[in-house]
Each structure stands twice: as structure tokens, then as C-alpha cells.
Amino acid sequence: MVKEINILEEKINVCLDHEGFNKKPEKKEVREISERIAGITTSISIEELMKNVTIPNARSFTPAVFNEGKRSNQTWKSQQVFALDIDSGLNIEGALKQSAELRVEPTFVYSTFSHSDENHKFRMVYVLDEEIQDLRVRNVIQTALTTLFPSSDKNANDAARILFGGKKIEFVKRGVLSVPKILDGVVQKIRSGSNATREMKRFCKASGLAYFKGYPHYKQVEEKDLPNGEGNTLFISRTKNRTNTINYYSTRVKNSHFSYYLVFSKDSFQEDESYSLEPSSFGEPEVKQVRNFPFDNLQKRCKLYREGTLGDYWLYHSEMFGLMTNLLNIEGGKSKVVEIINSRKEYLTKKEEWSLMMNQIKKMNYAPTRCDTYCPFVGECIHANNMIEQGKLPRGSVQVLQEPEFEEVDIIYKKLEEAFEEIIKNKDQGVYVIKAPTGLGKTEAIVNLAQENNFSIALPTHKLKDEVSQRLNAKKIKHIKVPVLPLLQESFSEKIEHLYNIGAYRTVNKFLRQIANENEDVSNFLQDLEKVKSSKRELLLTTHQRAIFTNDDSNSTLIFDEDPIPSLFPIYQMKVSDLVFAFTKLQDNEVNKDVIITLQNGILNAPVDIVQERSSFLLPSVKDLEQTIVEESTVSSNVLGFLNCDYFIKKKIHNTDYIFFIQRNNLPLTKRSSF
DNA sequence: GCGTTAGTCCCTCCAGCTAA
DNA sequence: TTAGCTGGAGGGACTAACGC
């Protein structure tokens with residue numbers, strides 16, 4: 001929930017006289033006020049200022065504060081309050097109506113002593129969201145305000161001006177203005193009037209701002225997009241460098257206090273005020289439009305865009321601005337903006353204003369506005385940085401959906417050890433899963449746990465198994481480990497590899513027993529394996545594969561170090577032609593012939609890219625088939641694995657049909673597994 | 001008022017480059 | 001290796017300005 005603050009309670013610095021009047025001060029009194037007022041710098045709330053400058057107090061004040069206690073344009077120090085005197089040509093209602101149209105509304109208005117119902121004479125007081133400390137910027141603001149209200153008194157614009165008290169407060173608005181907002185109002189007013197180019201140049205000359213592509217050169221940007229360096233012609237206002245800021249919130253979302261910069265004409269800082277109307281020497285970086293933008297995606301993912309284009313949601317000025325800065329940076333986005341403008345007939349009155357805004361955004365290369373600075377639905381969706389990224393994430397970029405939560409490594413490690421302890425103590429059978437970040441020290445925790453407990457540790461590879469074995473030895477922890485298949489002569493290893501490839505694991509064991517008689521290494525391997533199988537309540541190191549495929553009763557608890565999912569659900573692929581070839585061999589066996597033919601047709605007729613169920617009722621006895629396939633040396637694919645799978649998918653890669661399938665291996669049912 | 005011209009917007013296609 | 005990105009060319013649709 002956005003917290004609304006009472007702007008009127010915010011304090012500002014002015015020089016406020018201590019003497020009140022019930023009429024305009026006489027010349028002598030004015031001289032006295034003038035001499036003393038610069039020394040009376042006062043920090044006062046807007047509300048108190050309103051009370052102090054009207055009857056019964058009606059004190060005089062200067063919007064500026066001064067150095068050395070001396071009131072002059074040279075000793076001007078800073079200013080947050082600006083005022084316009086209207087003595088003729090405009091009544092209060094008319095002035096307020098114009099202010100509202102241009103979105104440059106005064107914070108309060110008070111009538112002066114010579115005000116009457118027939119002749120409105122009043123002062124419009126504008127409070128800014130920051131204290132201005134650069135005289136050039138102060139002059140820009142004052143010129144902007146007098147441009148917005150040409151009927152205002154031209155003689156009351158100097159920096160050191162004293163403003164007398166008045167009759168009463170005629171209007172209050174709980175709001176403050178920013179420098180870019182005032183300039184936006186000026187641009188809107190000039191652009192919608194006649195002879196816009198001439199008037200824009202005239203304003204630039206009067207304010208000292210550089211003229212850039214038909215506009216005064218100023219831009220509201222995010223901190224990161226601010227130009228580098230600050231020269232004589234460049235004024236940069238960084239949010240963090242501002243003083244006495246008033247953090248206001250609009251009725252919707254936080255959108256105050258953007259950074260901005262102003263570019264002054266080459267000579268405007270010089271004493272003689274000479275002005276060059278050459279185009280601004282400070283160029284705006286060219287921004288390339290995003291191409292191939294999927295507007296469909298944006299339609300699905302962005303409520304503001306969706307409801308905006310359909311006309312379901314009434315867009316406020318700042319929201320339309322935000323939408324435009326995003327869409328106009330996309331190729332084809334202009335049409336979408338036009339679509340939005342035409343989506344509601346009520347927008348017709350705003351058409352011209354929005355068209356001007358569109359031109360300004362394009363000319364000044366406004367960057368896409370961030371969602372969280374203007375979107376009313378920002379809390380309702382998981383959104384990217386801005387609307388463009390919401391529709392299309394550029395290659396190589398990352399969208400952070402949720403900030404990670406960090407915790408001390410030591411604390412997490414302790415939690416990990418406690419989790420292991422709990423599993424070991426808990427005697428209930430089942431699978432326990434521990435999700436811990438990489439590098440936390442899971443293996444270390446397991447090794448520590450092994451000091452006082454017996455269980456089986458399954459590691460992904462023999463290499464890692466040996467590493468853990470070394471760590472256990474270093475801590476003098478007794479353990480046994482499953483042996484590694486010894487290096488065999490080429491003919492043997494080729495045969496074993498072939499058997500593994502076709503999925504004939506049972507036959508591998510059978511074959512090893514056969515050659516054990518002539519090969520001592522294999523004999524030792526089998527003996528070691530037997531020892532492991534018959535061990536009871538000893539710390540055992542094994543591999544994921546061995547742990548899944550071997551039924552031993554060495555320990556009741558099995559801990560998988562690292563994720564065993566790749567071993568539990570291995571993915572295989574093979575050419576359809578290999579499978580069909582294997583099936584033709586299997587058809588020689590009369591018992592399964594019909595089943596195999598049906599299975600083969602199922603695969604050949606399966607559509608590509610769609611997951612297919614491998615009908616389980618067609619399953620022949622894999623055990624019987626293993627012998628047939630093993631005997632057929634020309635079959636080299638994992639046919640047995642396929643006959644064990646539940647689902648497969650056919651894919652066409654470079655005009656060749658492939659079958660992909662996932663095999664499902666079960667965790668040992670008699671153990672408590674944890675990983 | 002009408003036809004011509006210039007400019008804008010935006011789409012498609014192509015070729016070459018490059019991040020993943 | 002490959003999909004995504006970029007720059008550039010070309011062209012259709014539309015609009016504004018201009019000349020007659």
C-alpha cells in the first residue's frame with residue numbers, strides 16, 4: 001500500500017519577516033523589511049507558511065534564501081518556492097483551469113491586498129520537490145512559469161524578490177512539482193499553440209536552455225542513463241544529491257524523484273547572458289528499436305498493455321507516458337500506441353496532447369520506463385524490468401523473478417548436519433531428500449556423520465568414490481568399497497561394452513563368471529563384490545549405478561551424494577532403423593512374433609514429436625528375449641532398455657527417425673534412501 | 001481540388017555475425 | 001552448432017506538403 005503523506009506538513013526554507021500587516025506595506029516599511037528579511041531564514045511547513053502570509057498575519061517573505069544575510073541576486077543561495085503574481089488578464093478560476101490542463105498546479109494561491117471580486121489579483125505559489133541551488137536552474141523554472149502564464153507580472157521574477165503577505169488562501173493542492181514536470185507543461189503549451197518552433201526557440205533563449213530537435217534540451221532519466229561528466233552547459237540532478245526533498249506519491253504508484261539533466265546553451269553561463277541558438281552540442285545517444293517483437297507475448301504477460309489496447313483501462317497521463325516510452329522503442333510499436341489512443345472515444349480530447357508527447361519521446365530518445373515506476377498493476381504480476389523485457393527477453397539476459405534469500409554458510413551447514421542426524425536416527429523406511437546448494441560441504445557432512453554411524457554412501461562415479469575413501473582414511477574411519485571392474489583384454493571389454501549397450505546387464509554378470517576361471521583380476525573383482533554383498537553393518541562406499549541395481553543387505557540406510565535422478569531415469573536414444581532391425585531378428589522366435597510385429601508397427605506409425613505410450617500389455621518376456629538379442633551380435637542398440645520403458649517419443653533429426661525413451665529404475669525398496 | 005513528390009512507418013527478406 | 005540478432009535493401013501503405 002502506498003503511503004500518502006501530508007505534503008503541507010513538509011518543511012521548506014524561506015526568509016519570513018516577523019512583522020505582519022493588514023494592508024500593503026508603505027515604502028518606508030518596505031525598506032525596513034528589505035534590510036532585515038535576508039537575515040531571517042526560516043524552516044517552516046507549507047501549512048505554516050500559508051497561515052503566515054495571509055490575514056491576520058500577512059507577513060512578507062522571500063522564496064529564496066541568501067548568503068551573508070544580504071538580499072540580492074548575487075547572494076542568492078537556494079530556493080524551493082516559486083511564485084507568480086497575476087494582476088490582470090486572468091481570474092483565479094481561469095488560472096487554475098489552465099494549471100490543471102498543463103499539470104503544473106500551484107501548491108497554494110492567495111489573494112493580495114488589492115484583490116476584489118471584480119479585479120482578481122493573486123499570487124500562485126509553487127513548491128518544488130527539491131531545493132534548487134543552481135541559479136541557472138532557478139531562472140529556467142521562473143521563465144517556464146511565466147511562459148505558462150504570460151499574464152503574470154514580468155517585473156516580479158528576479159531571484160531576490162520580496163513577496164508581501166495577502167488577504168486569504170484561495171486554493172490549496174496537496175502536491176509539489178518537479179523541474180521536468182514544469183518543463184513538460186511548457187512544451188505542451190508551446191507545441192499546441194501557433195508558431196510552435198519560433199516560440200520554442202524564444203523560450204530556450206529566455207531560459208538559457210539549449211534547443212534540441214525542436215525542444216528545450218532536458219530529459220528525465222534513470223540514474224544509470226545519466227550522461228557522464230558535468231560541464232558548463234550540462235546540469236545533472238541526481239536523486240541522491242538533492243537537498244530538502246519532498247517525497248510525494250501520486251495517487252497510484254511511486255513515481256517521484258527521477259534523475260534529470262538540463263543542457264544549457266553554450267553561452268548561457270556567461271555574465272553577459274549572450275545566447276547561441278545553434279543546436280545543442282550535447283547529442284542524445286541513438287537508441288535502436290527492438291525488432292521482431294512478439295506483441296502476442298506482451299498481450300499475455302502485461303495487464304497494462306492488454307487492458308490498454310482493449311480500452312478496458314483508463315490510462316492516466318503518467319501511465320500513457322510509460323507505455324509510450326516502451327512501445328516507441330519497439331519496431332511496430334507506434335501502431336500499437338495509435339491503437340491504444342483509439343481504444344476509447346473519451347481519449348479523443350487527449351489525442352493532440354498525446355501525439356505531441358509521442359513526438360517528444362521519439363525526438364528525445366526517451367528510454368523505456370521501468371514497470372515499477374508507473375504501472376498501476378505492478379503488484380499483480382511477476383514483471384520484468386520494463387514492458388519490452390516483459391514481452392521479449394533478449395538473448396543472454398536474465399529476468400530475476402524473485403530475489404534469492406541468503407543465509408550464513410555456517411548456519412546452513414549446521415542445518416545440513418542436523419538433517420543428516422535426523423535421518424539416521426529416524427527408523428522409518430522411505431526416501432529422504434535434502435536440497436543443499438553446491439559447495440556447501442555435503443560430502444564433508446556425510447564423512448563426519450560416518451564417524452559414529454554405519455550406512456552406505458552412493459557416489460556418482462568410481463573416481464568420487466575413491467576420493468571419499470581417501471577422506472575417510474585420513475580420519476581413520478573404517479570402511480569397505482565396491483570394486484572397480486578391472487581392465488580387460490580388448491575382446492572381453494568389447495563384448496562387455498556391447499552387452500551394456502543392448503541393456504543385457506544380466507548377461508554381463510554371467511559372462512564375467514565365465515571368464516573368472518582364466519582371469520585372476522576378474523576373479524578378485526567378483527570375490528570383492530561378494531564380500532561387499534555379504535557385509536553387515538559396515539560403512540560402505542558404492543556408486544549410484546551399483547546401489548540401484550544391486551540388492552544387498554549391508555546397511556539399512558543409503559545416502560546418495562549428488563542427485564541420483566540421472567541414474568534413476570536414464571535417457572536413451574536409438575535410430576528407428578536399428579530398432580526395426582533388432583525386431584526382425586526377434587521375430588524368428590515364434591512365441592513372440594505377433595507381439596513384436598505389433599510393437600514394430602506401433603513405432604513405425606507413431607507421429608513425430610508426440611510422446612507415445614509403449615503399450616504394456618504387448619510386453620513380451622524381456623528375460624526370454626535377452627538371450628536372443630545377446631546371441632545376435634549385429635544388434636547394437638539398447639533394445640532391452642526400450643522393451644522396459646513405458647513411454648517414448650519419435651523425433652526426426654536430419655531426415656533420420658530416432659526414438660528417445662526414459663527408463664525407470666527403482667530405489668532399493670528395503671532401505672531408507674536419502675539424497 | 002487533384003496529381004505528384006517526399007517522408008514516415010513498418011514489414012519482409014537476405015546475409016553475415018555471434019552468444020549460448 | 002544454431003537460433004537470435006543486426007544492418008541494409010526494398011517495397012507497400014499512408015500522410016503531408018507542394019505545385020498547378
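Only heavy atoms go into these numbers, but all of them, side chains included; no hydrogens, no water, no symmetry mates. A, B, ... follow the sequence lines: proteins, then strands. Residue 1 opens every chain. These figures come from a predicted structure and were not determined experimentally.
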- Item | Rounded distance (Å) that lies between atom P of C:dT15 and atom CE of A:M358 | 13 Å
- Message: Please determine whether a side-chain nitrogen or oxygen atom of A:K392 lies at a distance below 4.0 Å from atom OP1 or OP2 of C:dC5.
- Response: yes
- Answer whether the closest heavy-atom distance between the side chains of A:R306 and A:Y313 falls below 4.5 Å. no
- Task: Using salt bridge (charged side-chain N to carboxylate O under 4.0 Å, His left out) as the criterion, list what pairs up with A:E307, not counting sequence neighbours.
- Result: none
- Message: Among residues at least two apart in sequence or on other chains, which ones pass salt bridge (charged side-chain N to carboxylate O under 4.0 Å, His left out) with A:K351?
- Response: none
- Item | Counterpart residues, salt bridge (charged side-chain N to carboxylate O under 4.0 Å, His left out), relative to A:E199 (two or more places apart) | A:R202
- Note on the structure: Between CD of A:E389 and C1' of C:dC5 the distance, given in whole Å, is 16 Å
- Query: Which whole-number value in Å describes the distance from A:F293 CZ to C:dC5 C1'?
  - Reply: 15 Å
- For A:Y260, check ring-ring contact (aromatic ring centres under 6.0 Å, His included) against everything at least two apart and list the hits. none
- Taking ring-ring contact (aromatic ring centres under 6.0 Å, His included) as the test, write out the residues that go with A:F648, two or more places apart. A:F642
Extract from the structure each pairing of a protein N or O with an N or O of nucleotides 10-13 of chain B at less than 3.5 Å, listing the distance.
unit_1 : atom_1 : unit_2 : atom_2 : d
B:dC10 : OP1    : A:K334 : N      : 3.2
B:dC10 : OP1    : A:S335 : N      : 2.8
B:dC10 : OP1    : A:S335 : OG     : 3.1
B:dC13 : N4     : A:R291 : NH2    : 3.3

